[in-house]
Number of protein chains: 2
Amino acid sequence: MTLDGLPPHQGGAEELACLLARALLAGHWQPGDAFPRELDLSTHFGVSRNQVRNALASLTSTGLLERTAGRGTRVRSIDDWHLLDPLMSEWLAGLADPAPHLVREILAFRYSAEPVVARLAAEAAEAADVERLEAAYQGMARTADAAHEQHAEYDVAFHDAIYQASHNLVWRQMGHLLRPSIIALIQRSQEPLHRLDAGLHDSLARHARVLDAIRRRAPDAAERAARDVLQRTAVDLGIVTDTAITPQHAVNP
Amino acid sequence: MTLDGLPPHQGGAEELACLLARALLAGHWQPGDAFPRELDLSTHFGVSRNQVRNALASLTSTGLLERTAGRGTRVRSIDDWHLLDPLMSEWLAGLADPAPHLVREILAFRYSAEPVVARLAAEAAEAADVERLEAAYQGMARTADAAHEQHAEYDVAFHDAIYQASHNLVWRQMGHLLRPSIIALIQRSQEPLHRLDAGLHDSLARHARVLDAIRRRAPDAAERAARDVLQRTAVDLGIVTDTAITPQHAVNP
DNA sequence: CTTGTCAAAATGTCTGACATTTAATAGGCT
DNA sequence: AGCCTATTAAATGTCAGACATTTTGACAAG
């Protein structure tokens, strides 16, 4: 793969890193491929070798690249990517068209993890946590008819508040995964023939049940409610095949 | 805090980063404190400014430090650490005396997460996964009477195999947390008056039940068994207060 | 066919100078 | 006194060039 397709560039090393990272995440190179040499990048983007080295250092620290003296720079496999690195989340979130496979993996993770996190949140939440949840929920309700991007930010804030409320250092770090996955979902929902909006009001109601359960410090209810929030998405993506597994206390037609 | 207490140093920038990281993780500096300047580090350790900058770049990318031009380098709060960064795990694993608070957080995470991961593993495991689990388990059994360090490696391998078997990109990354937490546990168990060895044979039997459940593709059993593996530790650390919550395979009223 | 040596190419490192940002400080004005 | 401004100092950030090191492949000798 050459550099010809990449957009031009002006700015610091961070921006360059972001640019290259998104090209990698978009699959412009295959795992094992050789990555352009420092000097080529330097001349192509018109920046100093220093900036290139700094950018490549970022990509290396997130597991996207592997560099060895004499050998050159190689592209690493998706299995080696540090998906939980905040830098990676940032790059992923702004990606126009993330690999569907990757989005599916992240959402499968969330579908299995968030019920547990919600349970912990219901056990550990303090007043400030509930307030944050409440504020995010109000924002979601208020922007139900607004632009999807705006609604998505409150959606991210809501789920992040759940992770925060778990009061666990490790779980809290994983809130970074929310933005990329939620943004990817709304992008997909804007494709034609997709009826995710149809369930928007329903989605809001499910979020309300999570909020309510955490406020009532009801772990079991919180766990169930969190699963229900993600269930529709999980079914859509084939993460879970049978909707009857979690039979909603009411009914799922 | 000065540099006087730190051991000498010879080697590359990675080693220097590790040295400084462990000093930070050990709490030699408080959050918000100023970190020594590049030139001071350079002269103190007898390395070039370049090496120092590379080392500090690592510490910055893991959220341990925060650097701004003109202001200097500051130590960040534990809330900002990237605990899921593989580099961080490596530094943590070799730490002589990790902060008890941190170990507790990681184990609380594992106690809540591993049952879910084991469930996924039971649903998704393939032959190779079961083989890896089996091999690690045999290693654990074989080294039951050997040095703790050796046994711990198989213990890490066993739990990592569970994460791997989940076949989820995100969960698999979290296997990195295993080594530091397990090493911290065996260190603590070697303290006098600690009777963790007493339960070693029992621990082996619990691991066997996890292996068995995953081999049988029994998600419910795997989830319960994984919880039981960590339960004793969780009770010891006060993560869960009541041992009756999960009353062993017997019955759940 | 194997082995050793050499050359080319890539990343890694060093050094010194300079740029930029930030914070403190001194000075002058009202 | 109090406030605003210009200057200075101190730290990190950047650059350019030379050099070091590592890896790989080619080539020739045994």
Side-chain angles (χ1 to χ4, degrees), chain A residues 1-3 8-21 23-24 29-76 80 87, chain B residues 1-3 6 8-21 23-24 29-76 80 87 90:
Chain A
M1 174 69 191
T2 66
L3 295 169
H9 164 74
Q10 62 173 4
E14 288 179 18
E15 205 174 330
L16 178 57
C18 184
L19 188 72
L20 296 173
L24 282 162
W29 284 272
Q30 295 303 311
D33 279 2
F35 200 75
R37 307 180 321 236
E38 290 180 351
L39 289 179
D40 288 341
L41 293 166
S42 177
T43 62
H44 183 272
F45 291 106
V47 299
S48 73
R49 192 183 162 212
N50 238 330
Q51 304 241 28
V52 171
R53 282 185 64 76
N54 287 339
L56 294 184
S58 280
L59 304 192
T60 305
S61 81
T62 48
L64 287 171
L65 295 179
E66 179 183 20
R67 320 190 69 202
T68 56
R71 239 167 93 82
T73 304
R74 312 219 135 189
V75 177
R76 297 185 70 178
D80 301 318
L87 264 180
Chain B
M1 173 68 190
T2 66
L3 294 169
L6 295 183
H9 164 73
Q10 60 173 6
E14 289 180 17
E15 204 174 331
L16 178 57
C18 184
L19 188 71
L20 295 173
L24 283 162
W29 284 272
Q30 294 303 311
D33 279 2
F35 200 74
R37 308 178 322 231
E38 290 179 351
L39 289 179
D40 287 342
L41 293 166
S42 178
T43 61
H44 182 273
F45 291 106
V47 299
S48 74
R49 192 183 160 209
N50 237 333
Q51 304 242 27
V52 171
R53 281 185 65 77
N54 287 339
L56 293 184
S58 278
L59 303 193
T60 304
S61 81
T62 48
L64 287 172
L65 295 179
E66 179 182 19
R67 319 190 69 202
T68 56
R71 239 166 91 81
T73 304
R74 312 220 137 188
V75 177
R76 296 184 71 177
D80 301 317
L87 263 180
E90 193 183 323

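Residue numbering restarts at 1 for every chain, and letters A, B, ... go by the order of the sequence lines. All values derive from a computational prediction rather than experimental measurement.
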Rounding to an integer number of Å, can you tell me how far [X] [atom1] sits from [N] [atom2]?
{"X": "A:R74", "N": "C:dA10", "atom1": "CZ", "atom2": "C1'", "answer": "12 Å"}
{"X": "B:L39", "N": "C:dC18", "atom1": "CG", "atom2": "P", "answer": "16 Å"}
{"X": "B:E38", "N": "C:dG16", "atom1": "CD", "atom2": "C1'", "answer": "15 Å"}
{"X": "B:R37", "N": "D:dT12", "atom1": "CZ", "atom2": "C1'", "answer": "11 Å"}
{"X": "A:L65", "N": "C:dG12", "atom1": "CG", "atom2": "P", "answer": "11 Å"}

Self-check item: Any A:R67 side-chain N or O less than 4.0 Å from OP1/OP2 of C:dG12
Solution: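 Affirmative; the distance criterion is met.
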List the atom of [X], the atom of [Y], and the distance in Å for their closest heavy-atom pair.
{"X": "A:V75", "Y": "A:Q30", "value": "CB-O, 3.7 Å"}
{"X": "B:L65", "Y": "B:R76", "value": "O-CD, 3.3 Å"}
{"X": "A:S58", "Y": "A:L87", "value": "OG-CD1, 4.2 Å"}
{"X": "A:A23", "Y": "A:W29", "value": "CB-CZ3, 3.7 Å"}

Letter by letter from the 5' end, nucleotides 14-25 of chain D scores (B base, S sugar-phosphate only, - none; protein heavy atoms under 4.0 Å) BBS-B---BSS-
Is there a side-chain contact between A:L59 and A:T73 in this structure, where contact means two heavy atoms from C-beta onward sitting under 4.5 Å apart?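 A side-chain contact is absent here, since even the closest heavy-atom pair is not under 4.5 Å.
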So, the side chain of A:S42 versus the backbone of A:V47: is there a donor-acceptor pair under 3.5 Å, distance only?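 Between the backbone of A:V47 and the side chain of A:S42 there is a qualifying donor-acceptor contact (under 3.5 Å).
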